[in-house]
Amino acid sequence: MADSQPLLKNRQELPDSSCKTPRVISLDVFRGLSVFMMMFVDYGGSFLPVIAHSPWNGLHLADFVMPWFLFIAGVSLALVYKEVKCKVTATKNAACRGLYLFLLGVLLQGGYFHGITSLTYGVDMQRIRWLGILQRISVGYLIAALCEIWLTRCTREEAQNTKSFSWHWCIIFLLLSLYMGLLYGLYVPDWEFKISTTSSSFPPNGSYVYMVNCSIRGDMGPACNSAGMIDRYVLGIHHLYTKPVYRNLKECNISSSGQVPETSPSWCHAPFEPEGLLSSLTATVACIIGLQYGHILANVQDHKSRTNNWFSLSLKILVLGIFLVFVGIPVNKSLYTVSYMLITSASAGILFCALYILVDVHGYRCLTCVLEWMGKHALSIYVLVISNILVIGIQGFYWKSPKNNIVHWILSRVKAQS
């Protein structure tokens, strides 16, 4: 096979800032792999629960996807802002990009679309979901971009690994300290919430009030953690995700139809935001960690040094994450605990290193061409396929009755076979 070493190196050494940001093939492949994994766990999780999100503590295949996207966003930022001539302009561009992703996320996951079983749309602004997947990525992207634009030392040509980016590590330490202080330090009082229902077994006013007894500090369970309390106070309980994954815990005894029995603990009926405000702090750290891998890519010129630095950094992060697990910090995606963030970030670093060796060093692009294409069109695939916009659009064409559409026919066939 032809020597592929100059493939990435030559493209990264483009000195003219007017040129487009060079594409790193392995990064596109990694992004495409993440998109594929998201589709796989979303559509296959109902048939294979072992790959779906862990109900609370633990790590399943689906729990790796979000950290991978955040990692990729961070790596990309190091290339986009490798040379910043005007910090104000760069900040405006980053803010516009972050705002675009945030608003798109609100549109897709805020409740405007009513799912593949409904031909209606629209959302009550009193119950709109403000946070979600794209919103989390937008927050991490924006903060990491501001770190890269404003907190990077000017002597970049002398940078080796992370030596010129010490302020970034200060921000990481600050965010993690704030997260740990709020998660373990805030007192969570007893709280109550109201669920509207049309069931005849409930009071005639159409709602039922649940009480959750907490009066505790530093709890890491689904009922009394401070992350949920912050979201309820700041966002409002009606703006949170209404089908939290912790309903799959044995305590909630959820039925096959997705209903939580009234005999289950009260917190099983409560909404919870897995992309909440407090957990966004550690999610942002994951993006900034990806930024450090991007610095190695942008500033270290030979393949061997890059991969050695990446693997060394990944190993250190992984060991630290495992150590935190042993000292009592659980691996929890819903709370985005520090141990979870470190372990998944390390997995992203190791996988990116492997893809870089496969694609950019040895040039095996024919093996990953589909993933590369998916990575270049990741946002479009997310909007059309993963968010079911394409499915919703197709089922808008029916024969005589809305139920006579191809989507309904396929779903009925799947249910009949299962």
Side-chain angles (χ1 to χ4, degrees), residues 56-57 59 63-74 77 94-95 98-99 101-102 105 129-151 165-188 217-222 224-235 239-241 244 272-293 317 320-321 324-325 327-346 348:
W56 196 244
N57 292 336
L59 195 59
D63 300 319
F64 286 94
V65 177
M66 171 61 80
W68 288 356
F69 277 116
L70 292 168
F71 176 91
I72 293 168
L77 282 169
L99 181 61
L101 288 176
F102 191 93
R129 183 188 176 194
W130 292 115
L131 299 180
I133 295 174
L134 288 182
Q135 297 94 308
R136 167 151 290 178
I137 295 176
S138 71
V139 172
Y141 173 90
L142 180 57
I143 296 178
L146 294 177
C147 288
E148 182 68 2
I149 295 169
W150 293 96
L151 298 180
F165 310 101
S166 55
W167 279 109
H168 295 188
W169 294 100
C170 292
I171 294 298
I172 288 176
F173 179 78
L174 177 63
L175 292 176
L176 292 182
S177 299
L178 181 61
Y179 171 85
M180 295 293 284
L182 294 175
L183 182 66
Y184 288 99
L186 286 181
Y187 175 79
V188 181
R217 193 188 310 272
D219 186 75
M220 298 289 284
C224 300
N225 61 82
S226 59
M229 181 189 69
I230 292 174
D231 291 333
R232 291 191 296 271
Y233 276 111
V234 178
L235 301 175
H239 297 284
L240 308 182
Y241 185 50
F272 181 84
E273 184 53 71
E275 278 76 43
L277 296 173
L278 183 59
S279 58
S280 293
L281 296 178
T282 39
T284 299
V285 171
C287 197
I288 300 177
I289 288 177
L291 183 61
Q292 310 313 310
Y293 283 78
I317 294 174
L320 180 58
L324 292 180
V325 174
V327 299
I329 298 179
V331 177
N332 188 296
K333 190 266 181 186
S334 296
L335 297 177
Y336 222 104
T337 55
V338 179
S339 58
Y340 166 79
M341 181 272 296
L342 292 174
I343 292 174
T344 53
S345 296

Do [X] and [Y] have side chains that approach each other closer than 4.5 Å (heavy atoms only, starting at C-beta)?
X	Y	answer
Val325	Ile343	yes
Tyr179	Thr337	yes
Met341	Val285	yes
Lys333	Leu59	no
His239	Asp231	no
Arg136	Ser279	yes
Leu281	Leu176	no
Ser334	Phe272	yes

Please answer whether the main-chain N or O of [Y] pairs with a side-chain N or O of [X] as donor and acceptor at a distance below 3.5 Å.
X	Y	value
Ser138	Leu99	no
His168	Cys147	yes
Ser226	Leu182	yes
Tyr141	Leu101	no

What's the shortest heavy-atom distance between [X] and [Y], and which atoms?
X	Y	result
Ile329	Tyr184	CG1-OH, 4.0 Å
Arg232	Leu240	CG-CD1, 4.0 Å
Leu77	Ala145	CD1-N, 3.6 Å
Ser339	Leu324	CB-CB, 4.1 Å
Tyr293	Ile317	OH-CD1, 3.9 Å
Ala94	Ile149	CB-CD1, 4.5 Å

Report the distance from atom [atom1] of [X] to atom [atom2] of [Y], rounding to the nearest 0.5 Å.
X	Y	atom1	atom2	value
Tyr336	Leu70	OH	CG	4.5 Å
Phe71	Leu291	CZ	CG	10.5 Å
Thr284	Ile143	OG1	CD1	4.0 Å
Gln292	Ser345	CD	OG	11.5 Å
Ile230	Leu277	CD1	CG	7.5 Å
Ile172	Thr282	CD1	OG1	12.0 Å

Derivation and outcome, side-chain contact (heavy atoms from CB on, under 4.5 Å), residues Glu148 and Ile288: CA-CA 9 Å; Glu148 182 68 2; Ile288 300 177; over 6 Å; no
For atom CH2 of Trp56, decide whether the heavy atoms of other residues, nucleotides or ligands shown that lie under 6.0 angstrom number more than 12. yes
With Tyr187, which residues qualify under side chain to side chain contact (heavy atoms under 4.5 Å, CB included), at least two apart?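 With sequence neighbours excluded, Tyr187 shows a side chain to side chain contact (heavy atoms under 4.5 Å, CB included) to Pro189, Ser215, Arg217, given in chain and number order.
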Does the side-chain contact (heavy atoms from CB on, under 4.5 Å) test come out yes or no for Leu178 and Phe173, once each step is laid out? CA-CA 9 Å; Leu178 181 61; Phe173 179 78; over 6 Å; no
By salt bridge (Lys or Arg N to Asp or Glu O under 4.0 Å), Arg129 pairs with (sequence neighbours left out) Glu273, Glu275
